[in-house]
Amino acid sequence: MPEDHDWEAYKVPPTRTPVSERTTSVPNPVNFFQSAFSYVFDAPVTFVREWIERWQSKNKFYYYHQKFRRVPDLSQCLDGDYLCYYEAEAQWRRDRMVDQEIVEIVRERLTACKQREGPNQFQNCAKEMELLAQVTKAYQDRYGDLGYHGNARTCLMKQKHRMMEERKAAE
């Protein structure tokens, strides 16, 4: 369209709601309540939120990269050191969750490879199958037969019994 419009040819349609003309000198109560709400509630909350956001932008905290220090194993705890028992149990639970996620990731990689390769899955996904077999065997050796309520003590006893069986088999 050209820059200079012919206003007679292209008239602007009237708006649907007419513009209200104030004819009284009494203030509108809605405007009063809106400004009161803005100053009493909204402004302090906005100020505090902006202050917190400025403080957080200076101190970045990445909660998903939380690193726990390694604690002594249950076999290294002294008798009656209940705090060490508790920390070793928490460490064992974290290790178990990490091992579960490793098995799950390897399983997802294998299913993705099978989906991608189709009929050639046995040839092209052999490495993933072998890796899944190794990971599940290691997980089963460590955590198998413990059940849902397994803990660090029963896992340690299982490893001890397995080591004793291996020694007997070696003799």
Side-chain angles (χ1 to χ4, degrees), residues 12 15-22 24-117 121 124-125 127-160:
V12 178
T15 58
R16 292 184 180 230
T17 40
V19 177
S20 64
E21 296 291 329
R22 292 197 59 193
T24 72
S25 63
V26 178
N28 191 352
V30 173
N31 292 341
F32 173 74
F33 286 120
Q34 283 179 343
S35 62
F37 177 80
S38 174
Y39 288 119
V40 172
F41 294 110
D42 190 37
V45 170
T46 305
F47 173 74
V48 170
R49 180 174 174 83
E50 288 174 354
W51 179 77
I52 289 172
E53 286 176 352
R54 279 195 309 268
W55 182 77
Q56 285 179 344
S57 67
K58 292 177 191 172
N59 306 325
K60 293 282 186 187
F61 178 70
Y62 300 105
Y63 61 91
Y64 48 88
H65 284 160
Q66 185 176 7
K67 291 187 176 23
F68 295 99
R69 64 178 178 84
R70 296 296 293 189
V71 296
D73 196 30
L74 195 62
S75 62
Q76 299 168 350
C77 291
L78 300 175
D79 284 338
D81 190 2
Y82 296 107
L83 183 61
C84 184
Y85 294 163
Y86 177 77
E87 287 179 341
E89 185 70 32
Q91 181 72 49
W92 181 82
R93 284 195 181 119
R94 285 193 297 267
D95 289 343
R96 184 176 183 178
M97 287 192 315
V98 167
D99 291 343
Q100 285 174 348
E101 287 299 316
I102 289 172
V103 170
E104 189 62 33
I105 288 171
V106 171
R107 185 176 293 129
E108 287 174 1
R109 286 181 184 171
L110 178 64
T111 55
C113 182
K114 286 181 177 181
Q115 182 72 25
R116 183 178 60 243
E117 296 300 330
Q121 64 184 347
N124 298 340
C125 299
K127 288 192 303 189
E128 285 83 359
M129 286 182 191
E130 180 64 31
L131 182 63
L132 180 64
Q134 289 174 357
V135 168
T136 52
K137 181 174 181 342
Y139 183 83
Q140 187 66 25
D141 286 346
R142 186 164 185 191
Y143 303 108
D145 300 331
L146 291 180
Y148 180 76
H149 298 290
N151 57 17
R153 186 175 297 275
T154 56
C155 184
L156 184 64
M157 291 300 114
K158 179 181 175 185
Q159 291 175 358
K160 182 189 79 162

Got a second to check how far [X]'s [atom1] is from [Y]'s [atom2], nearest 0.5 Å?
X	Y	atom1	atom2	result
Thr46	Phe41	OG1	CZ	13.0 Å
Trp51	Gln56	CH2	CD	10.0 Å
Thr154	Gln159	OG1	CD	10.0 Å
Ile102	Thr136	CD1	OG1	12.5 Å

pair [X]-[Y]: side-chain heavy atoms closer than 4.5 Å:
X	Y	value
Glu128	Gln121	no
Gln100	Tyr139	yes
Met129	Lys114	yes
Tyr85	Asn151	no
Gln140	Asp145	yes
Gln34	Asn31	yes
Cys84	Val71	no
Leu156	Lys160	no

Step by step, work out the side-chain hydrogen bond (donor to acceptor under 3.5 Å, both in side chains) result for Asp42 and Ser38. CA-CA 5 Å; Asp42 190 37; Ser38 174; 4.6 Å; no
Does CD belonging to Gln76 count more than 12 external heavy atoms closer than 6.0 Å? yes
So which heavy atom on [X] is nearest to which on [Y], and how close?
X	Y	value
Trp92	Leu146	CZ2-CD1, 3.8 Å
Arg142	Cys155	O-SG, 3.4 Å
Leu74	Ala152	CD2-C, 3.8 Å

Can you check side chain to side chain contact (heavy atoms under 4.5 Å, CB included) on Arg109 and Lys127, steps first, answer last? CA-CA 11 Å; Arg109 286 181 184 171; Lys127 288 192 303 189; over 6 Å; no
Knowing that exactly one of Met97, Glu89, Gln91 qualifies, which makes a side-chain contact (heavy atoms from CB on, under 4.5 Å) with Arg93? Glu89
Carboxylate-amine/guanidinium proximity below 4.0 Å for Glu104 and Arg107: yes
